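Predicted model, so just to flag it, every value in this text is computed and none were measured. Lettering of chains follows the sequences in order, A, B, ..., and the numbering in each one begins at 1.
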Amino acid sequence: MRSHYCGELRAGLAGQTVKLCGWVNGLRDHGGVIFIDLRDREGIAQLVCNPEQAGVFAVAETVRAEYVLRAKGMLRVRPQGTANPQLATGEVEVVADELEILSAASDLPFHHGEGAGEELRLKYRYLDLRRPEMLARLRLRHRTLAAVRAFLNERGFMDVETPMLTRATPEGARDFLSPARNRPGRFYALPQSPQLFKQLLMMSGLDRYYQIARCFRDEDLRADRQPEFTQLDVEMSFVDEEEVTGLMEALAREVFAKVLGAQLPDPFPRMTYAQAMLRYASDAPDLRNPLELVELSEALREAQFKVFSAPARDPGCRVAALRIPGAADMSRRELDQLTEFVQAMGARGMAWIKAADPSRGRDGMRSPILKFLADGEISSVAERTGVAAGDLLLFGAGPAAIVNRALAALRDRLGRERNLIAPGWAPLWVTDFPAFEFDENEKRWKALHHPFTAPGVAAPRELLARPGATLSRAYDMVLNGHEIGGGSIRIHQREMQSAVFELLGLSAAEAEEKFGFFLRALEFGAPPHGGIAFGLDRWVMLMAEAESIREVIAFPKTQSGACPLTEAPAAVNARQLRELGIRAI
RNA sequence: GGAGUGGUAGUUCAGAUGGUUAGAAUACCGGGCUGUCAAUCCGGUGGUCGCGGGUUCGAGUCCCGUCCACUCCGCCA
């Protein structure tokens, strides 16, 4: 049916008879000659339809945008002066001697280049994906996955599939459930990740496993979060942190080099969780952004100003500042907008100081809060922040979680708005996470990573004695401010695993009921092992420089979890429910 | 669950302060045109202003509610 892709035609092929198939990208009807731009996966070719070929011309006159055509004709170099340098095939054209409409197209809901809204694009995703920009994104994704597979295959990793119908887990995100027809009242859960299965594969002696696995979490969506997403899941036996992170950053370097021709640093910088929170108020800092926080709790402990001194003395709180170079000319209106911005994130307010000439101390600055601060405190703040003439200082004071949230958001926003973000790639490892966090609402300990992460202590007794002080053997890979992967060395001893369950508030009976199969597996010879899981959608989104992961997923869901194309989720009929033994309430 | 932004021809958008017949571009339809590639020229069709209620002599515009989309917070072991 076809001899070439449209996009392959070049002057070197001139003189050949070619057969093309594709979609009508556009057409120009001059009355006496009709040009048709025919598009396929590889590009666009120009068909020339002359009235001398009466049959061809008659068909061409009826053709409309996005019709599917088959054409045959002689490929020739275009007449002098009519080449189109903007087209890869612009030096040549096909003089059609056969033209057939394989499929007509109705008027389109939107046209290429019109910049349709996202909801419409999703409803007619097959039209959206015809656009070269979208096709290029899918191709980038394919090449990334191919490069990942090649790297891991070469290094002895085995691709193993794990179940999509499995059991719900008590910890973690909300599960998607699927009723079990054969066991009325029971449910499968779709996997949040293949975590337990890949650990079981290590106990099976697989040694090195990977899988490009679909995962499901029923939580609210974000620009970089979908209810179903794709993980690159990796697990290795007889390894420590250095071996896993070393190999995985080599993987990232190879993929970026192969797919983008980009060079990532060797080795990646490393930062502890404590450092990341102190300097960037985030466990996934964007190191392209030069702004850094300055901790001021120590400097302001004795201040008369209670807004600062009270949190400065409270261990669960912090006082910190962000120095914005050259921003002292920011208007009152802009500062008010920033204040509203942090208030939306729970902050009480946002103190600021504009520095005209810091060398003159109090007299060289402007701020509503200066009158509450002693000269020594002002100079201490100036010294610690390194504030210079023309700079603006923004303060956060209060519960650490809120201050961190607000200052991290300010840092991101101002970095972007003031064009401070350096171009390029800034990967890093964040390590030494706390293993557990006390949840004040539920009054219980929660695993920061997951309950199978090995704590950095040798004995269960040490863990139970000081859970809040225990670090985990976890590591996150961060790229340009996004967590793109996270993993850990796992627990491979039953006693430690039981101790973690106990700490998390699972009784021995509950642990047996929910995880008995896994605890048993730990009793029959479990190798030390560890691994990592990457969010491939995020990875590709960053590589594609796209604004959301929806742009690199063929058929994504909207923020409410709906698919505008299929209109899923949809109602089911009463019979289906009856068979499954369930009823909608 | 919360905060914000948006919803007006098929599409992308404009419609200060409430005022008569809601506009533009593009698409679409008809016609002209033999070298275009955002073809071009002439003419034409096209609107429950997201939905429901309210205020008003009068609502695309103001108020209340609601739905949808997007961004963010919570949530995401």
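Distance check on atom C1': B/C68 versus B/G32 gives 45 Å, rounded to whole Å. Distance check on atom C1': B/A16 versus B/G53 gives 27 Å, rounded to whole Å. B/U55 and B/C63 have their C1' atoms separated by 7 Å, with the value rounded to a whole Å. Here, B/C13 and B/A3 have their C1' atoms 27 Å apart, quoted to the whole Å. For the P atom pair drawn from B/U17 and B/A69, the interatomic distance equals 29 Å after rounding to whole Å. Using atom C1' as the reference point in both B/U12 and B/A38, the two lie 15 Å apart (nearest Å). B/U8 and B/U45: their P atoms are spaced 23 Å apart (whole Å).
Residues of residues 47-56 of chain A that place a heavy atom closer than 4.0 Å to RNA chain B, in numerical order, are A/P51, A/E52. Of the residues in residues 221-230 of chain A, those with a non-hydrogen atom less than 4.0 angstrom from any atom of RNA chain B are A/R222, A/A223, A/R225. A heavy atom lying under 4.0 Å from RNA chain B marks none of the residues of residues 487-504 of chain A. Shown for residues 394-410 of chain A: residues whose heavy atoms fall under 4.0 angstrom of RNA chain B, namely A/R405.
Residue pairs that meet the side-chain hydrogen bond (donor to acceptor under 3.5 Å, both in side chains) test with at least one member in residues 75-86 of chain A, sequence neighbours left out, are A/R76-A/E93.
In terms of position along RNA chain B, the nucleotide closest to A/L120 lies nearer the 5' end than the nucleotide closest to the other residue of the pair A/L120 and A/L27.
Within the structure, a side-chain polar atom (N or O) of A/R550 is placed less than 4.0 Å from OP1 or OP2 of B/U71.
In this structure, of B/C76, B/C70, B/G35, it is B/G35 that holds the atom nearest to the side chain of A/F35. For A/R78, taking side-chain heavy atoms from C-beta onward, the closest of the listed nucleotides B/U71, B/C76, B/U36 is B/U36. Taking every side-chain heavy atom of A/Q559 into account, B/U71 is the closest of B/U71, B/C37, B/U34. Distance from the side chain of A/M345 is smallest to B/C73 among B/A3, B/U34, B/C73. Of the listed nucleotides (B/C76, B/U71, B/A39), B/A39 has the atom at the smallest distance from the side chain of A/H30. Comparing B/C37, B/G1, B/G10 against the side chain of A/D220 picks out B/G1 as the nearest.
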Just distance, no hydrogens or angles: give the donor-acceptor pairs under 3.5 Å from side chains in residues 409-416 of chain A, sequence neighbours left out.
{"from": "A/R411", "atom 1": "NE", "to": "A/L291", "atom 2": "O", "distance (Å)": "2.6"}
{"from": "A/R411", "atom 1": "NH2", "to": "A/D286", "atom 2": "O", "distance (Å)": "2.9"}
{"from": "A/R411", "atom 1": "NH2", "to": "A/N289", "atom 2": "O", "distance (Å)": "2.8"}
{"from": "A/R411", "atom 1": "NH2", "to": "A/L291", "atom 2": "O", "distance (Å)": "3.4"}
{"from": "A/R413", "atom 1": "NE", "to": "A/E417", "atom 2": "OE2", "distance (Å)": "3.0"}

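The ring pair (Phe, Tyr, Trp, His ring centres under 6.0 Å) check on A/F197 picks up nothing, with sequence neighbours excluded. Scored by the side-chain contact (heavy atoms from CB on, under 4.5 Å) test, A/R520 finds A/E512, A/E523, A/F524 as partners (sequence neighbours excluded).
A/G90 comes within contact range of no nucleotide atom at all, as no heavy-atom separation falls under 4.0 Å. Residue A/Q343 is out of contact with every strand shown, counting any heavy-atom pair closer than 4.0 Å. Using a 4.0 Å heavy-atom cutoff across all strands shown, A/R76 reaches at least one base atom of the nucleic acid. Heavy atoms of A/D218 sit nowhere under 4.0 angstrom from any nucleic acid atom. Base engagement by A/E93 is indicated by at least one non-hydrogen atom pair under 4.0 Å involving a base atom.
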Report all interatomic pairs (protein N or O, nucleotide N or O of nucleotides 65-68 of chain B) with separations under 3.5 Å.
{"from": "B/C68", "atom 1": "O2'", "to": "A/E119", "atom 2": "OE2", "distance (Å)": "3.0"}

Between the protein and nucleotides 41-47 of chain B, which nitrogen or oxygen pairs come in under 3.5 angstrom?
none

So which protein N/O to nucleotides 22-25 of chain B N/O distances come out below 3.5 Å?
none

Enumerate all atom pairs, one protein N or O and one N or O from nucleotides 28-30 of chain B, separated by less than 3.5 Å.
{"from": "B/C29", "atom 1": "OP1", "to": "A/R64", "atom 2": "NE", "distance (Å)": "3.4"}

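Partner assigned to B/U26 is B/G10, using Watson-Crick or G-U wobble distances below 3.5 angstrom. Under the Watson-Crick or G-U wobble criterion, with both distances below 3.5 Å, B/G47 has no partner in any strand shown. Using N1 to N3 plus N6-O4 or O6-N4 for Watson-Crick, or N1-O2 and O6-N3 for G-U wobble, each under 3.5 Å, B/U61 pairs with nothing. Of all nucleotides present, none satisfies the Watson-Crick or G-U wobble test against B/U55 with each distance under 3.5 Å.
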Test A/D439 against A/R444 for salt bridge (charged side-chain N to carboxylate O under 4.0 Å, His left out), laying out the working first.
CA-CA 5 Å; A/D439 185 317; A/R444 68 178 191 94; over 6 Å; no

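Separation of the A/F452 and A/F515 ring centroids falls under the 6.0 Å cut-off.
A donor N or O paired with an acceptor N or O is not found under 3.5 Å between the base of B/G74 and the side-chain atoms of A/R174.
Nucleotide B/A9 carries an anti base; the chi torsion (O4'-C1'-N9-C4 or O4'-C1'-N1-C2) is more than 90° from 0.
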